[in-house]
2 protein chains.
Amino acid sequence: MKNSQLYKGSLNTIIMKLLEENGRMYGYEITQKVKLITAGELNITEGALYPALHKLEADGFLDVEVEKVDNRLRKYYKLTENGQKETVNRLAELEEFIRNMQNLVNPAPKPDLQF
Amino acid sequence: MKNSQLYKGSLNTIIMKLLEENGRMYGYEITQKVKLITAGELNITEGALYPALHKLEADGFLDVEVEKVDNRLRKYYKLTENGQKETVNRLAELEEFIRNMQNLVNPAPKPDLQF
DNA sequence: ATGTATACATAATTTTCTTATGCATAATAG
DNA sequence: CTATTATGCATAAGAAAATTATGTATACAT
């Protein structure tokens, strides 16, 4: 993840959003998609990604299907019904988060008391 | 911080931005300001805040001045010269981060191939 | 042959936060 | 008048989420 620690805590939401959008994806595909969308800014490391996927699966938010493509293993993940519901919540939280951070960076101008 | 872990990693940037904007602030004041700006959404806990302030000071980004107001102790923090430079970088990173997250949540629509 | 890309995985460590305390003064509510 | 809330600082134990460093394996390009 480059050098910015701001992305900490957002990985699960990113994964779930991408799966909501694309139906099903495998791990490596997710890393490449994120790299593309963020213009190379965000590089998800395997050490973060795979444990995150396993945990989301263990929590019942993801289902997995193993396939062999070109003699290489792929684990396709997709949202469960429960995962879809959870994704809605997480995306709402993310939008709230972004709004709050924008208010912090770019605070509403103080009312102009000059009159 | 409520229940959302999205704020992980953003505390230092928040502190530095507020100090840049307000000149100098003390810890408790920072928690109240953040609560206000985020409409109660983000409650910075003391267990997170004070260690963060101490670390920023140790890193040479903050200076501290102790004052007694109403017989109560206050530690006013302000950005050092180095801290001001660092704040510029961190805010740029934050804006980049927000842009990237928005691109993930709200991806550019696929070109309409219907013609 | 060597490196890069694809594809998964885990272990050790670090960073960052939560939760739980602790101390102390001032103001408010019962 | 006493208990709670607000103000103000601090730290320690533990959890959560990441980084860094490995490890395995196939395919392709130099």
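Chain letters run A, B, ... following the sequence lines, proteins first, then strands; residues in each count from 1.
- We find that CG of L56(B) is positioned 13 Å from C1' of dT16(C), with the value rounded to whole Å.
- Among R24(B), R72(B), K75(B), the one residue that satisfies the salt bridge (Lys or Arg N to Asp or Glu O under 4.0 Å) test with E67(B) is R24(B).
- Not one side-chain nitrogen or oxygen of N71(B) sits closer than 4.0 Å to the OP1 or OP2 atom of dA24(C).
- For dC17(C), the OP1/OP2 oxygens have no side-chain nitrogen or oxygen of Q5(B) closer than 4.0 Å.
- Contact detail for S10(B) and L6(A): the closest heavy-atom pair is CA-CD2, 3.7 Å.
- When each of G47(A) and D70(A) is assigned the nucleotide of DNA chain C bearing its nearest heavy atom, the one mapping closer to the 5' terminus is D70(A).
- Between dA9(C) and Y50(A), no contact under 4.0 Å exists linking OP1 or OP2 to a side-chain N or O.
- The NZ atom of K85(A) sits 10.5 Å away from the CZ atom of F61(A) when rounded to the nearest 0.5 Å.
- We find that CD of E67(A) is positioned 12 Å from P of dA7(C), with the value rounded to whole Å.
- Contact between E20(B) and L91(B) at its shortest, heavy atoms only, is OE1-CD1, 3.6 Å.
- For the pair L73(B) CG and dA24(C) C1', the interatomic distance rounds to 10 Å; values are reported in whole Å.
- We find that NZ of K75(B) is positioned 15 Å from C1' of dA24(C), with the value rounded to whole Å.
- The nearest whole Å value for the distance from the CD1 atom in I15(A) to the C1' atom in dA17(D) is 12 Å.
- Between the CZ atom of R74(B) and the C1' atom of dA10(D) there is a distance of 18 Å, given to the nearest Å.
- Contact between the side-chain N/O atoms of R72(B) and the OP1/OP2 oxygens of dG8(D) is found at a separation under 4.0 Å.
- When the nearest nucleotides of DNA chain D are assigned to Y76(B) and N12(A) by heavy-atom distance, the more 5′-ward of the two goes with Y76(B).
- Note on H54(B): every side-chain N or O is 4.0 Å or more away from OP1 and OP2 of dC9(D).
- Rounded to whole Å, the distance from CG on L6(A) to P on dT16(C) is 11 Å.
- OP1 or OP2 of dT15(C) has not a single side-chain nitrogen or oxygen of K55(B) nearer than 4.0 Å.
- Atom CG of N12(B) and atom CD of E86(B) lie 9.5 Å apart (nearest 0.5 Å).
- With hydrogens and angles left out, the side chain of E46(A) and the base of dC8(C) share a donor-acceptor pair within 3.5 Å.
- Between K8(A) and dA16(D) there is no side-chain polar atom (N or O) within less than 4.0 angstrom of OP1 or OP2.
- Within the structure, a side-chain polar atom (N or O) of Y26(A) is placed less than 4.0 Å from OP1 or OP2 of dA7(C).
- For the pair I44(B) CD1 and dC17(C) P, the interatomic distance rounds to 9 Å; values are reported in whole Å.
- For T45(B), the listed nucleotide lying nearest its side chain is dT18(C); candidates were dA10(D), dT18(C), dT10(C).
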